[in-house]
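Each ligand, and each atom within it, is numbered from 1 in the order the structure gives.
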Amino acid sequence: MKLLEERIQRDGVVKEGNVLKVDSFLNHQMDIAFLEEIGKEFKRRFEGEKITKILTIEASGIGIACITARYFQVPVLFAKKTQTKNIAGEVYTSKVESFTHGKVYDIIVSRQFLDSGDRVLIIDDFLANGKALMGLFDIVTQAGASLAGAGIVIEKGFQPGGQMIRDMGIRLESLAIIESMDEQTGCTFRK
Ligand code: 5GP
């Protein structure tokens, strides 16, 4: 998505440790007109798919998922990150290793809001090693729901997550795929 690549070039900041900061428009301060373009693009890419629910993970996926959901006219469900023990029963739970913090945490989704009648679109801001997506996919599987695919705003193509997800046969639509990035020269994109 040309508009997104241009915005990353203009406002993205590459930090050490392969972290791209897009805080000024995507996941801290949010440019809503821009997020609407992202939502429209996901809708265009998944046109014709029957989707009943958008699933994301807190916190940075929520804003993007909400705007996207306006175009699909379905609810957004977000997995909560928790340290609560003793949560089995009422919730689906999975473990995710955080790329940005390096810790493993539990994610939970109430059983009340996801079941075998659902067809899910997963939305998230970044794809790096694929741990967040795998955790969400695990929850969709536990619910017996079906997965339409995953929509990612920024895939870091030099990390293994994208390849892994595609190899599993999951439909993955990434709006920008970064081929390489550098603190001095910025990002180059996959064509
Ligand atoms: P993964 O689980 O694929 O390794 O990482 C995806 C998650 O880590 C996303 O939910 C996102 O919040 C975070 N993340 C991964 N890479 C980056 C990055 O370069 N910049 C930012 N801001 N977040 C990232």
Side-chain angles (χ1 to χ4, degrees), residues 1 4-5 7-31 34-35 38-39 42 54-69 76-83 92-109 120-141 147 149-190:
M1 187 184 176
L4 173 61
E5 291 182 5
R7 193 66 185 262
I8 294 169
Q9 292 289 25
R10 201 184 79 193
D11 295 333
V13 180
V14 180
K15 297 282 188 187
E16 62 171 353
N18 278 337
V19 172
L20 173 66
K21 289 280 209 186
V22 283
D23 287 23
S24 64
F25 64 98
L26 191 69
N27 54 18
H28 189 26
Q29 173 170 266
M30 293 186 282
D31 179 338
F34 182 70
L35 289 191
I38 284 177
F42 281 135
I54 288 180
L55 178 66
T56 188
I57 185 165
E58 70 175 358
S60 51
I62 297 175
I64 299 158
C66 288
I67 306 263
T68 302
V76 171
L77 181 59
F78 68 90
K80 296 187 178 190
K81 296 174 180 169
T82 177
Q83 290 173 341
Y92 306 112
T93 168
S94 192
K95 289 200 182 301
V96 172
E97 187 187 324
S98 157
F99 173 77
T100 34
H101 303 108
K103 292 187 194 143
V104 177
Y105 53 88
D106 291 307
I107 58 170
I108 61 166
V109 165
V120 177
L121 172 62
I122 295 175
I123 293 285
D124 204 4
D125 58 345
F126 275 92
L127 173 59
N129 293 324
K131 307 284 180 170
L133 257 188
M134 287 304 293
L136 293 172
F137 180 51
D138 183 23
I139 281 177
V140 170
T141 307
L147 185 68
I152 296 290
V153 181
I154 304 171
E155 176 182 336
K156 293 190 291 181
F158 53 88
Q159 291 183 254
Q163 186 67 43
M164 180 180 77
I165 299 292
R166 291 184 181 94
D167 286 349
M168 289 171 70
I170 294 172
R171 177 167 177 202
L172 175 62
E173 294 286 347
S174 300
L175 303 190
I177 303 181
I178 297 176
E179 201 67 82
S180 66
M181 62 188 202
D182 178 276
E183 284 165 63
Q184 262 73 50
T185 53
C187 298
T188 57
F189 296 93
R190 193 176 293 172

Looking only at distances, please establish whether an N/O atom of ligand 1 is found under 3.5 Å from an N/O atom of Lys131. yes
Please indicate whether any nitrogen or oxygen in Ala132 is less than 3.5 Å from any nitrogen or oxygen in ligand 1. yes
Using heavy atoms and a 4.0 Å limit, tell me yes or no: is Asp23 in contact with ligand 1? no
When you check the gap from the basic side-chain N to the acidic O, do Glu179 and Arg190 get nearer than 4.0 Å? yes
In ligand 1, which numbered atoms sit nearer than 4.0 Å to a non-hydrogen atom of Ser60? 12 (O)
Residue, atom name and distance, where the atom is the protein heavy atom closest to atom 6 (C) of ligand 1: Phe126 O, 3.6 Å
Is there a side-chain contact between Arg7 and Phe25 in this structure, where contact means two heavy atoms from C-beta onward sitting under 4.5 Å apart? yes
Side chain, backbone, both or neither: which part of Ile154 comes within less than 4.0 Å of ligand 1 when only heavy atoms are counted? neither
Using 0.5 Å steps for rounding, measure from the CG atom of Leu55 to the CZ atom of Phe78. 11.0 Å
Against heavy atoms of Asn18, which atoms of ligand 1 measure under 4.0 Å? 19 (O)
One should read off an interatomic distance between Leu127 CG and Ile154 CD1, to the nearest 0.5 angstrom, of 11.0 Å
Is a salt bridge present between Lys95 and Glu97, judged by a nitrogen-to-oxygen distance below 4.0 Å? no
Looking at side-chain heavy atoms only, is the closest gap between Leu77 and Val109 below 4.5 Å? yes
Just to confirm my output: which protein heavy-atom neighbour is closest to atom 22 (N) of ligand 1, and how far is it? Leu20 O, 3.3 Å
So, Asn27 versus Ser60: side-chain donor-acceptor pair below 3.5 Å or not? no
Side chain to side chain, Val96 and Val104, heavy atoms closer than 4.5 Å: no
Atom 12 (O) of ligand 1 [closest protein heavy-atom partner, distance rounded to 0.1 Å]: Asp125 OD1, 3.4 Å
Can an N or O of Ala128 be found at a distance shorter than 3.5 Å from an N or O of ligand 1? yes
Would you check whether Gly130 reaches within less than 4.0 Å of ligand 1, judged by its heavy atoms? yes
Counting non-hydrogen protein atoms only, what is the nearest one to atom 15 (C) of ligand 1? Give residue, atom name and distance. Phe99 CD2, 3.3 Å
Under 4.0 Å from a heavy atom of Leu127: which atoms of ligand 1 are those, numbered in the order shown and with their elements? 3 (O)
Please confirm whether Asn129 comes within less than 3.5 Å of ligand 1 when only nitrogen or oxygen atoms on both sides are compared. yes
Numbered in order shown, the ligand 1 atoms found under 4.0 Å of a heavy atom of Val19 are 19 (O), 20 (N)
If you round to the nearest 0.5 Å, how far is CD1 of Ile139 from CD1 of Ile108? 8.5 Å
Within a strict 4.5 Å, meaning less than it, do heavy atoms of the Arg166 and Ser174 side chains meet? yes
Which of the numbered atoms in ligand 1 are below 4.0 angstrom from a heavy atom of Asn27? 22 (N)
Among protein heavy atoms, which lies nearest atom 10 (O) of ligand 1, and at what distance? Asp124 OD2, 2.8 Å
Side chain proximity check, Leu20 to Cys187, heavy atoms < 4.5 angstrom: yes
Give a yes/no verdict on whether any heavy atom in Lys156 is under 4.0 Å from an atom of ligand 1. yes
